[in-house]
Amino acid sequence: MERGTKYLLSSSMRALHAANARNPISRSGPLSLPSFAWGLPGSELPRPHMALHAASMAWAIARGSHRTLAGKAGLALTAASMATLWKVHQQSTDAQQLVERALRDQLGDDYRSRMAESPVEATRTKLPTLPTRSVRKRYVDSGHIQYSEYGRRTTLDVWKRPDLPADAGAPVVVQVHGGAWVLGDKEGQAYPLMAHLVERGWVCVSVTYRLSPRATWPDHIVDVKRALAWVKDNIADHGGDPSWVALTGGSAGGHLCALAALTPNDPQFQPGFEDADTAVQAAVPFYGVYDWLNRDGTGRDDLTKLLVDRVVKQPFQSARDVYEQASPMTHVGDHAVPMMLLHGTNDSLVPVAQARSMVDMLRAESKQPVVYVEYPGAQHAFDVFSGNRTDAAVAGIERFLNVARGEAGQHVHESASEPQPSSIT
């Protein structure tokens, strides 16, 4: 096969990749998973991909591929791919303003005057672009702590600054990983958010939990509740404040985060430790699954098969109450804590419509603020990488949590009412 033809074929793949980053090929069915996996890097890191495309053009021209009709077509496709990726990049450039508008919409234009201060000023402001082992090595103070009797699947890591005093009483965020309740780990997810908060003196705790098909629902939420109980009992020894704990997580972790936040101290999810305190003060679920019943038609039809076959292991019709109690939507009420939900319109795995429905329910019932950030063009798991959207999200989440802390009576910074410059470099 001559060079021009080879280049045309590779350019065709690049064009398909860019098109999928711009608009996912599929949002349902078996193609949605490869559509997500293939589209995520391009949608969140478009400029590095543009640079790779430019390098491929230069290489093709240097090898003479442009002298053939096929090669010229390949160069045209690569140029079109770069243009598409530029549009993807442009779609994310107003992320800071979008997050700020969402905060002001629910918290008021003066919300900064009610912000408690984060414990310290950050010395490192550049977020990690990729979730590498070096990030974990930098921030994990105590790793693989077992919080339950089920081995490595029930362990947690404590993230903190090495100079944080043991008696700091810092606010705490617990992170729950995603993975469709059947895979995933505490390592590799939410690194930008935890790094951002830890640099500012927060304590973060990332947890694992038992996975299906070996585990059967409600093992997953029971483990999350046990981890919260461990945090309440032990985090003071790591410089954290057990009286102020927030919860976050993405995808299946977003489901578990929302469910745990809406069912504080619920004995049905705390067998054997019913008296343990598992209440949290705020919750920030990312692209979560909020309903296992699909009661309003915003979910995916194929989710039920996964749940029936591998997670709950009971027929939907005969165990409907189990699926109902497992759904965060079921537990929405005036007792809800302050919540900030984030989702992308290009999510190939969890329809953005379900997040909108959950937000509507919360705003109708909750007495606390419900901030909703909907990112145009964002794919599922967008926050794995540090891009425009993630950088804006983590700074906004810090402000949201600090408002919740301020409303709870924690110390308010004297200059908090003044507009604060972005700490992202």
Exercise. Which of parallel (below 30°), tilted (30 to 60°) and perpendicular (above 60°) describes Y139 and W159?
Worked result: parallel

For this session: Please lay out, stage by stage, how S35 and N20 fare under the test side-chain hydrogen bond (donor to acceptor under 3.5 Å, both in side chains).
Result: CA-CA 7 Å; S35 180; N20 183 61; 2.9 Å; yes

Exercise. For D141, what residues pass the salt bridge (charged side-chain N to carboxylate O under 4.0 Å, His left out) criterion, not counting sequence neighbours?
Worked result: none

Exercise. Judged by modelled atom types alone, do D302 and S28 share a side-chain donor-acceptor pair under 3.5 Å?
Worked result: no

Problem set entry | K225 versus T263, side-chain donor and acceptor atoms under 3.5 Å | yes

Exercise. Does the ring center of H343 lie less than 6.0 Å from the ring center of Y372?
Worked result: no

Exercise. Under 4.5 Å between any side-chain heavy atoms of T129 and L45, yes or no?
Worked result: yes

For this session: Using salt bridge (Lys or Arg N to Asp or Glu O under 4.0 Å) as the criterion, point out the one residue from E117, E398, E121 that pairs with R200.
Result: E398

For this session: Determine whether more than 12 heavy atoms belonging to other residues, nucleotides or ligands lie under 6.0 Å from atom CG of D163.
Result: yes

Problem set entry | Criterion side chain to side chain contact (heavy atoms under 4.5 Å, CB included) against Q106, the qualifying member of M340, Q368, R363, M339 | R363

For this session: Would you verify whether the NZ or CZ of R389 falls within 45 degrees of the ring axis of F382 while also being under 6.0 Å from that six-membered ring's centre?
Result: no

Exercise. What residues, two or more places apart in sequence or in another chain, satisfy ring-ring contact (aromatic ring centres under 6.0 Å, His included) together with W292?
Worked result: W181, W217, H255

Exercise. Going through the distances and angles, do N346 and R27 end up as a side-chain hydrogen bond (donor to acceptor under 3.5 Å, both in side chains)?
Worked result: CA-CA 8 Å; N346 275 6; R27 300 169 193 261; 3.3 Å; yes

Exercise. Does any non-hydrogen side-chain atom of L98 lie less than 4.5 Å from one of P376?
Worked result: yes

For this session: Starting from the C-alpha separation in whole Å, work towards a yes-or-no answer on side-chain hydrogen bond (donor to acceptor under 3.5 Å, both in side chains) for S81 and H49.
Result: CA-CA 10 Å; S81 300; H49 283 81; over 6 Å; no

Problem set entry | F273: partners by ring-ring contact (aromatic ring centres under 6.0 Å, His included), with sequence neighbours left out | none

Exercise. Can you list the residues that meet the salt bridge (charged side-chain N to carboxylate O under 4.0 Å, His left out) rule with D237, with sequence neighbours excluded?
Worked result: none

Exercise. Can you name the ring-ring contact (aromatic ring centres under 6.0 Å, His included) partners of H238, sequence neighbours left out?
Worked result: W230

Exercise. Under 3.5 Å, is there a donor-acceptor pair between the T330 and R295 side chains?
Worked result: yes

For this session: Please name the pair of heavy atoms, one in A326 and one in P328, separated by the smallest distance, quoted to 0.1 Å.
Result: O-CD, 3.5 Å

For this session: Quick one: which residue pairs count as a salt bridge (charged side-chain N to carboxylate O under 4.0 Å, His left out) with a foot in residues 265-277, not counting sequence neighbours?
Result: K232-D277

Problem set entry | side-chain hydrogen bond (donor to acceptor under 3.5 Å, both in side chains) between Y287 and Q379, intermediate numbers included | CA-CA 9 Å; Y287 39 85; Q379 182 53 271; over 6 Å; no

For this session: Would you please say whether a donor-acceptor pair under 3.5 Å links the side chains of Y111 and E100?
Result: yes

For this session: Taking only Lys NZ, Arg NE, NH1 and NH2, and the carboxylate oxygens of Asp or Glu, determine whether D296 and R356 approach each other closer than 4.0 Å.
Result: no

